[in-house]
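Below is one structure, written out as structure tokens; comments come after it.
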Amino acid sequence: MLTLKRLTKRYKTGDLALQEVTLDIPQGQVVGLIGPSGAGKSTLIRCINRLVEPTAGTVQLKELNLTSLSQTALRRARRHMGMIFQEYALVERLTVMENVLSGQLGYVSFWRSLLRRFPTPAVQQAFAVLDRVGLLDHVDKRADALSGGQRQRVGIARALLQNPDLLLVDEPTASLDPKTSRQIMRLITEICAERQLAAIINIHDVALAQLFVQRIIGLRQGQVVYDGAPDGLTAEVLTDIYGAEDWSATIRKEPVEEPPVAEEEEPLPEKKLAVAR
Ligand SMILES: Nc1ncnc2c1ncn2[C@@H]1O[C@H](COP(=O)(O)OP(=O)(O)OP(=O)(O)O)[C@@H](O)[C@H]1O
């Protein structure tokens with residue numbers, strides 16, 4: 001579904017951030033991208049949708065060779081890739097609904113979006129994705145009145161509104177407490193399973209990644225040094241990725257089935273679609 005071939009990025013400063021990264025990610029697979037600071041994780045994610053231009057190599061999403069597209073064609077192709085950011089990237093003074101609809105900016109004309117007049121099917125779909133992420137009771141709240149977990153849910157809903165094939169997720173839990181972090185990772189991975197969406201999640205918390213993703217890719221100095229199952233992350237592998245350390249407290253000891261956990265960040269809203277409209 002997504003194929004990277006010898007993807008390389010050298011910044012103008014001379015930093016070689018990615019060195020010939022070759023990967024194949026099938027539809028529906030959720031991948032955790034780990035590695036030390038400066039290993040190239042953000043660069044890899046941004047080279048896929050060409051927010052950062054790769055220096056060499058190719059990115060193929062389904063039948064599209066993204067690296068050969070003109071800027072106009074690239075804008076169209078980006079609709080197939082939803083991005084979720086650490087700092088949410090919401091417009092603070094806009095409502096939850098308006099923030100989610102802004103994910104449609106590639107579809108609606110500039111003037112229509114400026115006047116905040118979105119086509120009815122987009123609004124209906126926005127209600128549906130906000131329902132899925134548990135924010136139906138908050139559609140009219142301003143973004144600056146939300147908790148961190150709620151903000152990230154808006155970010156997820158906004159990414160989903162484009163009906164992407166792939167989610168590119170950059171440190172989604174870095175600003176969240178441990179429990180909210182789990183809820184957000186659970187939400188992302190459940191949605192990927194429901195929609196058969198592939199995802200690449202740049203994540204620093206190794207144990208959290210192990211709990212939720214199907215595959216781990218470890219980067220060191222722009223190169224893939226581990227590509228395999230979450231349970232294959234032994235102390236030796238982590239030393240290879242990050243350098244020598246006592247890893248006993250970091251690694252999940254045994255494969256455990258994650259227990260079902262009630263969502264407690266806030267009561268899940270009842271389905272009030274009609275009322276919310
Ligand atoms: N805009 C830039 N210009 C020059 N060099 C950059 C730029 N962005 C990143 N780099 C360099 O590229 C390398 C990889 O950086 P990148 O941010 O991709 O790593 P990372 O693994 O995401 O790190 P972190 O976990 O700290 O976010 C680093 O050496 C960094 O200094």
Side-chain angles (χ1 to χ4, degrees), residues 2-23 25 30-59 61 66-67 71 74 78 81-90 148 151-152 155-156 159 166-178 180-182 184-185 188 198-213 215-228 230 232-233 237-245 247 249-251:
L2 177 75
T3 305
L4 313 184
K5 281 202 184 122
R6 307 182 76 171
L7 196 65
T8 298
K9 174 64 187 179
R10 186 183 287 281
Y11 285 104
K12 286 192 182 117
T13 49
D15 287 280
L16 187 56
L18 290 180
Q19 298 186 54
E20 305 210 340
V21 171
T22 295
L23 291 175
I25 298 176
V30 179
V31 174
L33 186 60
I34 65 167
S37 211
K41 304 180 297 297
S42 295
T43 302
L44 178 59
I45 282 191
R46 285 173 165 71
C47 277
I48 292 171
N49 62 4
R50 285 178 54 194
L51 283 180
V52 168
E53 279 296 342
T55 313
T58 57
V59 178
L61 181 67
L66 298 178
T67 27
Q71 283 301 323
L74 177 63
R78 281 195 181 129
M81 296 173 276
M83 242 192 132
I84 298 170
F85 303 90
Q86 171 186 351
E87 293 299 341
Y88 326 114
L90 305 183
R151 282 161 171 257
Q152 196 52 289
I156 295 167
L166 171 71
L167 288 180
L168 298 170
V169 192
D170 205 1
E171 299 196 45
T173 60
S175 310
L176 303 176
D177 69 64
T180 310
S181 296
R182 279 189 173 213
I184 291 297
M185 283 297 285
I188 293 173
I200 303 179
I201 308 179
N202 170 8
I203 184 164
H204 274 292
D205 186 331
V206 173
L208 189 64
Q210 280 185 299
L211 205 50
F212 287 101
V213 305
R215 173 181 172 191
I216 298 269
I217 292 172
L219 279 185
R220 191 189 63 209
Q221 294 181 353
Q223 289 180 307
V224 176
V225 292
Y226 179 79
D227 184 352
L233 287 178
V237 171
L238 286 177
T239 297
D240 201 22
I241 300 171
Y242 293 98
E245 189 46 78
W247 296 111
T250 307
I251 310 171

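Numbering of ligands and ligand atoms starts at 1, following listing order. Quick caveat, the model's predicted, so the values are computed rather than measured.
Pairs of residues two or more places apart, or lying in two chains, that qualify as salt bridge (charged side-chain N to carboxylate O under 4.0 Å, His left out) and include a residue from residues 40-58 are R46-D170, R50-E53. Contacts classified as salt bridge (charged side-chain N to carboxylate O under 4.0 Å, His left out) and involving residues 5-19 (residues at least two apart or in different chains) are given here: R6-E20.
Side-chain atoms of R215 do not come within 3.5 Å of backbone N or O of D227 as any donor-acceptor pair.
Around ligand 1 you find Y11, T13, D15, A17, P36, S37, G38, A39, G40, K41, S42, T43, E171, H204, each with a heavy-atom distance below 4.0 Å.
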Check: residues 217-225 side-chain donor-acceptor pairs under 3.5 Å, at least two apart:
unit_1: R220; atom_1: NH1; unit_2: D240; atom_2: O; d: 2.6
unit_1: R220; atom_1: NH1; unit_2: D240; atom_2: OD1; d: 2.9

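Of the candidates V169, L44, L23, L2, L2 is the only one forming a side-chain contact (heavy atoms from CB on, under 4.5 Å) with I200.
For the pair L18/P54, no side-chain contact is recorded, criterion being any heavy-atom separation below 4.5 Å from C-beta on.
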